[in-house]
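Reckoned from all heavy atoms, side chains included, excluding hydrogens, waters and symmetry mates.
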Amino acid sequence: MYATLDDLLARAGEQEIRQIADRDRDGTPDPEVIAAAIADAAETIDGYLRGRYVTPLSDPPPAMVRGWAVSIARYRLHRNGPPEHVIADYRDALKQLVDASAGRLVLAGVDGVAAPVADAAGGVHAASDEPVFSRPHALDGWL
C-alpha cells in the first residue's frame, strides 16, 4: 500500500473523509472502505508503472507515489461525484503516472525493470528460464 488513512486525513481533513468513507453512518470512516480505496489506488499506480519499475514499489514509497495514491483513493471514495478540486488532483496524478510510465518523469531510488538489449543489427535478444515441459518424443516427426 502506498498511502494510509493518516495520509488521506492530512490531505482532505477528517470531516471530508468521514463524509465519503462512513458508509454505515456511525460517525467514523469505515476501515474496509478506506482499505479498498487505497488498494485500488495502489493497483492503478502499479498498472501504470509495471513496465518501467519493479512493482510493488519499495516500502516506504517515494513521497510522489504517496501523493498519487492519496489523490486516486480520495477521488474513488467520492461515490456521488467529487468536487472539481478533487477531480483536478486526480487528473494531475494520472498525468504524472503517464509521464512516469513513459520515462518523462523518473522516480529516484526505485528499481527499474531491465530493458531488452538490442544487438548491432537492431534485433532484440530475450532471455527466459528453461522450459518446464519438453516436446513429446512421439510427435518429433510430426511437428
Side-chain angles (χ1 to χ4, degrees), residues 1-136 139-140 142-143:
M1 299 294 171
Y2 301 136
T4 64
L5 173 59
D6 288 339
D7 296 325
L8 282 166
L9 290 170
R11 171 84 60 85
E14 187 175 335
Q15 181 179 355
E16 179 183 332
I17 297 302
R18 192 176 329 108
Q19 289 172 346
I20 61 177
D22 180 15
R23 306 285 163 79
D24 61 6
R25 305 286 188 229
D26 67 354
T28 59
D30 298 339
E32 65 279 358
V33 172
I34 297 290
I38 290 172
D40 186 44
E43 183 57 35
T44 299
I45 291 167
D46 286 349
Y48 276 96
L49 300 180
R50 197 167 277 128
R52 185 157 301 271
Y53 295 99
V54 176
T55 58
L57 302 176
S58 62
D59 190 29
M64 184 180 299
V65 174
R66 181 175 293 113
W68 295 337
V70 169
S71 296
I72 294 167
R74 184 180 181 194
Y75 175 84
R76 301 266 166 83
L77 284 168
H78 277 276
R79 294 187 312 173
N80 300 323
E84 190 56 42
H85 66 279
V86 172
I87 294 170
D89 196 31
Y90 172 76
R91 288 181 179 158
D92 285 345
L94 292 185
K95 182 184 179 310
Q96 290 176 17
L97 278 165
V98 167
D99 288 344
S101 70
R104 292 185 296 268
L105 187 148
V106 177
L107 297 176
V110 177
D111 292 335
V113 174
V117 179
D119 64 16
V124 176
H125 296 274
S128 67
D129 296 333
E130 289 295 318
V132 175
F133 300 102
S134 63
R135 172 180 257 162
L139 298 177
D140 279 346
W142 293 89
L143 298 176

Can you tell me if [X] has over 12 outside heavy atoms packed within less than 6.0 Å of its [atom1]?
X	atom1	result
Glu32	CD	yes
Arg25	CZ	no
Arg50	CZ	yes

Might you point out which heavy atoms bring [X] and [Y] nearest each other, and give the distance in Å?
X	Y	result
Ile17	Ala12	CD1-CB, 3.8 Å
Tyr53	Leu105	OH-O, 3.9 Å
Ala100	Arg52	O-CD, 3.1 Å
Ala41	Ala69	CB-O, 3.5 Å
Gly27	Asp22	N-OD2, 2.8 Å
Asp89	Arg74	OD2-NH1, 4.4 Å

### Query
Under 3.5 Å, is there a donor-acceptor pair between the Arg76 and Tyr90 side chains?
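Short answer, yes.
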### Query
So Arg104 and Val98, side chain to side chain contact (heavy atoms under 4.5 Å, CB included) or not? Walk me through it.
CA-CA 9 Å; Arg104 292 185 296 268; Val98 167; 3.8 Å; yes
### Task
Determine, stepwise, if the pair Tyr2 / Asp46 fulfils side-chain hydrogen bond (donor to acceptor under 3.5 Å, both in side chains).
CA-CA 10 Å; Tyr2 301 136; Asp46 286 349; 2.5 Å; yes
### Message
I'd like to know if the side chain of Arg23 and the backbone of Ile20 have a donor-acceptor N/O pair within less than 3.5 Å.
### Response
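Indeed, once roles are kept as given, a pair shorter than 3.5 Å links the two residues.
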### Query
Does any N or O in the side chain of Asp30 come within less than 3.5 Å of the main-chain N or O of Asp24, such that one atom is a donor and the other an acceptor?
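Between the backbone of Asp24 and the side chain of Asp30 there is a qualifying donor-acceptor contact (under 3.5 Å).
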#### Entry: 4.5 Å side-chain heavy-atom contact, Asp99 and Ser101
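No, their side chains stay 4.5 Å or more apart.
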About how many Å separate [atom2] of [Y] and [atom1] of [X], when rounded to the nearest 0.5 Å?
X	Y	atom1	atom2	result
Leu8	Glu16	CG	CD	9.0 Å
Arg91	Gln96	CZ	CD	15.0 Å
Leu107	Trp68	CG	CH2	4.5 Å
Asp40	Ile38	CG	CD1	11.0 Å
Leu49	Ile45	CG	CD1	7.0 Å

### Test: Asp7 and Arg11 ion pair at under 4.0 Å
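Looking at Arg11 together with Asp7, the answer is no, because their closest N to O distance does not fall below 4.0 Å.
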### Query
Between Asp26 and Thr28, is a side-chain hydrogen bond (donor to acceptor under 3.5 Å, both in side chains) present by the stated rule, with each step listed?
CA-CA 6 Å; Asp26 67 354; Thr28 59; 3.1 Å; yes
### Query
For Val110 and Val65, what are the C-alpha separation, side-chain angles and deciding distance, and is it a side chain to side chain contact (heavy atoms under 4.5 Å, CB included)?
CA-CA 11 Å; Val110 177; Val65 174; 5.9 Å; no
